[in-house]
*Asks:* 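One structure, as structure tokens, below. Some questions next.
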There are 2 protein chains.
Amino acid sequence: MSRTRNRNFPWWHQQFVDNGYRITEPRQAILKVLNKTAGHLSVEDIYHQVHKRYSNIGLTTVYRTVGLLENMGIVRKLDFGDGRARYELSKGPQAIHHHHLICKNCGKVIDYKEYLDNELKFVNKVEGLLEKKYNFKIDSHQLSFYGLCEKCK
Amino acid sequence: MSRTRNRNFPWWHQQFVDNGYRITEPRQAILKVLNKTAGHLSVEDIYHQVHKRYSNIGLTTVYRTVGLLENMGIVRKLDFGDGRARYELSKGPQAIHHHHLICKNCGKVIDYKEYLDNELKFVNKVEGLLEKKYNFKIDSHQLSFYGLCEKCK
DNA sequence: TTGCTTATTGAAAATGATTCCCATTTCCAA
DNA sequence: TTGGAAATGGGAATCATTTTCAATAAGCAA
């Protein structure tokens, strides 16, 4: 299963090396899952996926790896207020949608794609202003609307 | 200590009655704390405050009451991603600021007040459009920027 | 290749916030 | 005033996440 002698390193390889992190099988497996699965994955989602192929990889390792990836900026952590964190690749096709519509009753989450142009323009402007004013280094944001979905209202 | 015979009912009294909820001492105490304390209170913050006067009121009751108040729309639940929920009155002077700047490292939270006019205008527009499009009943939103504060960067 | 050093791992226990359970107390409409 | 439903509180239960620690394995140097 080892592919280390293959020089076709995955896109995240260099970031690991630069940070002095080792390329291990669990980390590769977890990144593979993140790469092939779209949407918001909870740690347990990832764990289950990974487990199909590598039943020896532990939940703790998934937590650790996902935290590592977040620090490196490879994944983004999302919080839908249901008591468990979600993760998604910060690069990639769906990277723009950190804007959500959340049902307070059943927990359903909709990534809406409308109005993103306007939103992004607006959010980026505010972001720049806030960075200057409060001397923050802002690297992400999250806009969530809460309410009741079609079924629950 | 009973003030029930006083007809000067607090502003939230009628909402309780309308919903068929009883006016109890713990609930009054918790609302008093919420009324006099500005900012984002965790359940434990509230518990500690309440405990000063009423050492018999239990933590469980604070959780229950705060949940009740949220359902009634009297308080708003906030989530800063630090693993504990915060609450604030949804009416009142600071009711507009559900827009935050959060330090990922030390957890510092800034309620920023700038650009709210534009933001609100913008957010309300999007809110209306989303309600129609997805048939949601939206009752709140939260916009958070994440990054590193002055000290932590 | 072979060791060696040290990061990484996994299992189990610890933690911390929140919820559940249930016997007891309290509110309040009749 | 009183009966019964609602509310309470304290401890146990739950659930996500962290910590601990001994065993393992990545990757550098020889």
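Naming convention: chains lettered A, B, ... in sequence-line order (proteins, then strands); numbering from 1 in each chain.
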*Asks:* Quick one: is C/dT9 close enough that its OP1 or OP2 comes under 4.0 Å of any side-chain N or O from A/T24?
*Replies:* yes
*Asks:* Which letters describe nucleotides 14-20 of chain C, given B = protein heavy atom under 4.0 Å from base, S = only from sugar-phosphate, - = neither?
*Replies:* ---SBBB
*Asks:* Counting C-beta onward and ignoring hydrogens, is there a side-chain heavy-atom pair between B/L41 and B/Y47 closer than 4.5 Å?
*Replies:* no
*Asks:* Nearest whole angstrom, please: distance from the C1' of D/dA7 to the CD of B/Q28.
*Replies:* 13 Å
*Asks:* Only one of A/L31, A/L34, A/L68 forms a side-chain contact (heavy atoms from CB on, under 4.5 Å) with A/V75, so which one is it?
*Replies:* A/L34
*Asks:* Would you say D/dG9 has OP1 or OP2 under 4.0 Å from some side-chain N or O of B/T61?
*Replies:* yes
*Asks:* Could you pull out the protein-nucleic contacts involving nucleotides 1-4 of chain D (nitrogen or oxygen on both sides, under 3.5 Å)?
*Replies:*
none

*Asks:* What's the shortest heavy-atom distance between B/Q142 and B/K77, and which atoms?
*Replies:* OE1-O, 4.5 Å
*Asks:* B/E150 side chain to A/N135 main-chain N or O, any donor-acceptor pair under 3.5 Å?
*Replies:* no
*Asks:* Counting just side-chain N and O atoms, does A/R27 come under 4.0 Å of either OP1 or OP2 of D/dA26?
*Replies:* no
*Asks:* Output the rounded distance in Å from OH (A/Y47) to P (D/dA16).
*Replies:* 13 Å
*Asks:* Calculate the interatomic distance between A/I23 atom CD1 and C/dT6 atom P; express it in whole Å.
*Replies:* 20 Å
*Asks:* For the residue pair A/H141 and B/F145, categorise the inter-ring angle as parallel (less than 30°), tilted (30 to 60°) or perpendicular (more than 60°).
*Replies:* tilted
*Asks:* Can you tell me how far P of D/dA26 sits from CZ of A/F9, to the nearest Å?
*Replies:* 14 Å
